[in-house]
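Notes for the one structure printed next.
Read the numbers this way: they start at 1 and go in the same order the structure lists the ligands and their atoms. Since we're looking at a predicted model, the values are computed, not measured.
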Amino acid sequence: MDDPLTPSSPVDPLERTLHTARALVLADLASGEVAAADVVSMVEDSVVQRRWWVEQWPEGAAYVAGLVAQDVQDALLESHGRWPLCPVCGSGDPHALEVEPELGPDPHWVCHKAGVKVASVGSLRAATGGASTS
Ligand SMILES: [Zn+2]
């Protein structure tokens, strides 16, 4: 098993990108307490697909985290339901946040209903009450 965090070993930028994307999405899944084994495998499946994608188009490396988040969101919609649920709108129909930009760097979760940016991908825990910043 390789350890991408070992500072003495040079890390392939692609591996680092994929590792970061996986960690960010898993952190968001954990904030919603849906990091079950099958959900983790959804993330892994997405990372495998995006590895191929970014190998074809290295310039897209900065977009990988947002794409993995959207892949997992789509997979969850079929098996578990909407994710992540909007933590901003206290009333009305429960609805999911969406990743913006769909294809771009610095992806974040937005609520289109309230028209607000909720959190960066990977920082959902802070926005859903997991951590107090006050
Ligand atoms: Zn909302």
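- Here the closest heavy-atom approach between residue Val121 and residue Ala65 is recorded as CG1-O, 4.3 Å.
- Using a cutoff of 4.0 Å between basic side-chain nitrogens and carboxylate oxygens, Asp28 and Arg125 are not scored as salt-bridged.
- The residues Arg51 and Glu15 are annotated as salt-bridged, a charged nitrogen and a carboxylate oxygen being separated by less than 4.0 angstrom.
- In Lys117, the NZ atom is not crowded: 12 or fewer heavy atoms of neighbouring residues, nucleotides or ligands sit closer than 6.0 Å.
- Neighbours of the Zn ion (ligand 1) restricted to protein N, O or S atoms under 2.8 Å: the count is 4.
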Go through the steps for Leu97 and Leu124 under the test side-chain contact (heavy atoms from CB on, under 4.5 Å), then give the verdict.
CA-CA 10 Å; Leu97 302 176; Leu124 204 53; 3.9 Å; yes

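- The shortest non-hydrogen separation linking His95 to Cys111 is NE2-SG, 3.4 Å.
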